[in-house]
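When a ligand or atom number is given, it counts from 1 through the structure's own listing order.
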Amino acid sequence: MLFHVKMTVNLPLDMHPERADSLKAEEKALAQRLQQEGKWRHLWRIAGHYANYSVFDVDSVQDLHDLLMQLPLFPYMAIEVNALCRHPSSIHADDR
Ligand SMILES: O=C(O)CC1=CCC(=O)O1
């Protein structure tokens with residue numbers, strides 16, 4: 001199942017810079033592992049925003065929920081989720 005997810009990061013202004021750097025490093029490591037596993041299909045920065053557009057490929061809504069909740073930055077992100085399905089005009093027949 002494919003999901004489009006928008007994540008907007010809102011780190012508290014008074015968060016210690018070392019804590020912020022540590023969270024970002026943990027987030028990056030997990031995001032790169034999930035990309036290697038094929039679960040995090042796309043990760044795009046939204047130009048001019050501390051936010052990303054991502055596409056996840058997971059087995060269920062519960063899997064997506066569990067994945068998002070384990071992100072180190074989860075407590076500091078506003079997350080919007082949209083389920084995706086095939087567009088009839090898409091030429092990418094292998095997409096689900
Ligand atoms: O900076 C972001 O958009 C939040 C984030 C998601 C994966 C990552 O490494 O950072």
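- Looking only at side-chain heavy atoms (C-beta outward), His92 and His87 stay at 4.5 Å or farther from each other.
- Of the possible polar contacts, one joining the Arg45 side chain to the Ala51 backbone as a donor-acceptor pair under 3.5 Å is found.
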Check ligand 1 for close polar pairs with the protein: N or O on both sides, less than 3.5 Å.
{"residue": "ligand 1", "atom": "1 (O)", "partner": "Arg45", "partner atom": "NH1", "Å": "3.3"}
{"residue": "ligand 1", "atom": "1 (O)", "partner": "Arg45", "partner atom": "NH2", "Å": "2.9"}
{"residue": "ligand 1", "atom": "3 (O)", "partner": "Arg45", "partner atom": "NH1", "Å": "2.7"}
{"residue": "ligand 1", "atom": "3 (O)", "partner": "Asn52", "partner atom": "ND2", "Å": "2.8"}

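- Closest of all the heavy-atom pairs between Ala83 and Phe3 is CA-CD2, 3.7 Å.
- Side-chain rings of His4 and Tyr53 approach one another, their centers coming within less than 6.0 Å.
- Under the 3.5 Å distance criterion, with hydrogens and angles disregarded, no donor-acceptor pair is assigned to the side chains of Trp44 and Ser54.
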Quick one: side chains of residues 6-19, donor-acceptor pairs under 3.5 Å with protein atoms, not counting sequence neighbours, listed by atom name and distance.
{"residue": "His16", "atom": "ND1", "partner": "Glu18", "partner atom": "N", "Å": "3.1"}

